[in-house]
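Okay, so here's the structure we're looking at.
Since the structure is predicted, the reported quantities are computational estimates derived from the model, not experimental observations. These values consider heavy atoms only, across backbone and side chains, with no hydrogens, waters or symmetry-generated copies. All ligand and atom numbering here is 1-based and tracks the order in the structure.
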Amino acid sequence: MTNSTAILGSTGSIGTQAIEVAQMHGIRVTALAANTRVDELVKQARQLRPELLCIADESRYPALKEAAAGLGCRLLAGMDGLCEIAQHQSTELLLNSVVGMVGLLPTLTAIEANKPIALANKETLVAGGALVMKAAAERSLPIYPIDSEHSAIFQCLQGNKRSQLKKIILTASGGPFFGKTKADLKEITVEQALNHPNWSMGNKITIDSATLMNKGLEFIEARWLFDLAPDQIEIVVHRQSVLHSAVVYQDDSVIGQMGVPDMKIPIQYALLYPDRLPCPTKPLSLTDYGTLTFAKPDFDTFDCLTACIRASETGGSAPVVANGANEEAVAAFLARKIPFLRIGELVHSALEKLPVKPLTCYEDVAAADRAAREFVREAIAADA
Ligand code: MG
C-alpha cells in the first residue's frame, strides 16, 4: 500500500471519499487541488496540512491566497500547478480525480516522474490512452483504476493468467432513463437527468450516466487499461449496481466482483493495493437485494454509447473527438442551452464531420479536443 498521496480533484465526490479512506489508513496527503471551490479546499488543507495546495481556476488564485494565509502550504494555480503536484517529490502515488480531459497532462507528468497513478479521471484514458499506456509501460508503472467497473475487472484479473482471458462483462446501471425511448426523453430536464438511482456523483458524470456516454467512455477506458479488442467487451445492464463487472476466462468461468455501490471500495483498493483491510462502507447483504437483474443495453435510444464504440473502433483522434464534443455538449445541457437528446446528436455529428487524425503526442490530443469543442459550440450557436 502507498504511504502518501496527492489528490487532484480533492473537493469532488471521489476526492472527499479518498480523503476519508486515506485518513482511516494513515496515508499522508501531500497535496490537494480543486477546480474552483476555494473554501472547501482550504477547509481540507486546514485539517490535512498538505505541502502543496492548488486551485485549477487561476482567477480564484487571489481568493486562495487570502483564505490559505498562515497555513504554511505552498500555493499553486492552473495547469502548471496541477503538473507541479503530479511530480512532487514527497508524493508516492498520484490520485487523479479531476473531471474531463484536463486530467491528461498531469497524468503524463506524474508518469514521467515515475509515480504510480490511481486513476478516477476516465477522460485521461479516453483521450490519451495511447500516450498514457505507452509511457506507463516504458517505466513499468502501475495504473490502478478507480472507476468501479475497471477496479472490478482489475480485481478479477488478480491471480489469473491475463493470456487466458476470453472477454470482460462491463456492467451498466442503465441510468435514470432505463427502459425509455427517444420519444420519452425529448423533454427531459436537468433535474431529472441529475437524479441517478444508485450512485451519488458529480454533475458531469451523472449526465454521462443518463445518456450512457459514461458506459461508452468506460468501454474505451477498458480497452486501454486491459488491452482488449472491441469484441472482447460485453456491456450488460445490471440495475442494482452490485456486480461491478466480471471477467470471462477461456474455460467460460465467470469471475465477478460484488459489493454495495460505494466508491470507497475501489478507491481503497487503489490506495491499499494489494491489501484488503476494513473499509468505511456498508457490507453487502445479497438477501436484502434478493434479486439481481441483467439485460441488454438499448443502443438505439442511448446513441452516445454507440458513438463511443464506433469511435473506439475507428481509433486515432475519434475517441478524443467523441469525448470533447460530449464535454462541451454536457456543459451546454447543464446550462440549459440545449435539450437532452441534442447531446448524442452533437457527439455523432462531430464524429461524422471532423477528420480522423493519428495521435503521436499530447499536442495532437489537445488539437483534436479543441476542434471537437469548437465544432459543438458552433453547432449550438447555429441552433439558436
Ligand atoms: Mg464507472
Side-chain angles (χ1 to χ4, degrees), residues 9 12-18 21 95-101 103 107 117-127 129 143-157 168-178 193-226 228 233-247 256-271 279 281 284 292 294 297 302 304-305 308-309 312 319 322-323 326-327 330:
S13 169
I14 298 291
T16 51
Q17 296 180 79
V21 170
L95 191 152
N96 187 350
S97 64
V98 303
V99 178
M101 147 72 194
T107 298
I117 316 270
L119 192 63
N121 171 239
K122 64 189 69 173
E123 294 89 344
T124 277
L125 285 178
V126 170
I143 294 178
Y144 303 113
I146 288 186
D147 214 338
S148 61
E149 296 80 358
H150 304 74
S151 173
I153 294 158
F154 181 65
Q155 294 182 50
C156 297
L157 289 170
I168 65 164
I169 296 171
L170 187 68
T171 52
S173 74
F177 306 137
F178 174 73
L194 284 178
N195 188 22
H196 196 279
N198 303 342
W199 295 97
S200 125
M201 310 173 284
N203 282 354
K204 198 263 176 180
I205 183 170
T206 306
I207 301 302
D208 286 349
S209 298
T211 60
L212 290 205
M213 181 75 190
N214 184 53
K215 209 47 57 183
L217 296 174
E218 289 181 354
F219 179 97
I220 302 171
E221 188 187 7
R223 284 198 65 193
W224 285 117
L225 275 172
F226 307 114
L228 299 165
I233 305 176
E234 182 186 358
I235 298 172
V236 172
V237 176
H238 164 50
R239 296 293 286 156
Q240 297 79 22
S241 300
V242 166
L243 175 67
H244 296 303
S245 278
V247 161
Q257 186 258 338
M258 295 169 123
V260 290
D262 184 334
M263 288 307 296
K264 286 194 278 288
I265 299 174
I267 291 168
Q268 177 167 306
Y269 194 67
L271 289 177
C279 181
T281 187
L284 170 66
L292 299 180
F294 300 95
F302 299 98
C304 283
L305 179 57
C308 286
I309 294 171
S312 178
N323 178 66
N326 179 63
E327 283 193 32
V330 169

Among Lys215, Lys122, His244, which residue meets the side-chain hydrogen bond (donor to acceptor under 3.5 Å, both in side chains) test with Glu149?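 By the side-chain hydrogen bond (donor to acceptor under 3.5 Å, both in side chains) criterion, Glu149 pairs with just one of Lys215, Lys122, His244: Lys215.
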
Which atom of Ile235 lies closest to which atom of Ala172, heavy atoms considered: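 Shortest heavy-atom separation between Ile235 and Ala172 comes out as CG2-CB, 4.4 Å.
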
Testing the basics here: between Ala193 and Ile207, what is the closest heavy-atom pair and its distance to 0.1 Å?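 Scanning both residues completely, I find the closest heavy atoms to be CB-CD1, 3.6 Å.
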
Tell me how many protein N, O or S atoms are closer than 2.8 Å to the Mg ion (ligand 1).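 Counting protein N, O and S atoms closer than 2.8 Å to the Mg ion (ligand 1) gives 3.
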
Do Asn198 and Ser173 pair up side chain to side chain, a donor and an acceptor below 3.5 Å, judged on atom types alone?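 Checked: Asn198/Ser173 side chains show no N/O donor-acceptor pair below 3.5 Å.
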
Kindly indicate whether the side chain of Pro297, heavy atoms from C-beta on, has any atom under 4.5 Å from the side chain of Phe302.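 Side-chain contact under 4.5 Å: no.
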
Look at the rings of Phe294 and His238 and say which category their plane angle falls in: under 30° parallel, 30 to 60° tilted, over 60° perpendicular.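 Taking His238 first and then Phe294, their aromatic rings lie parallel (interplane angle under 30°).
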
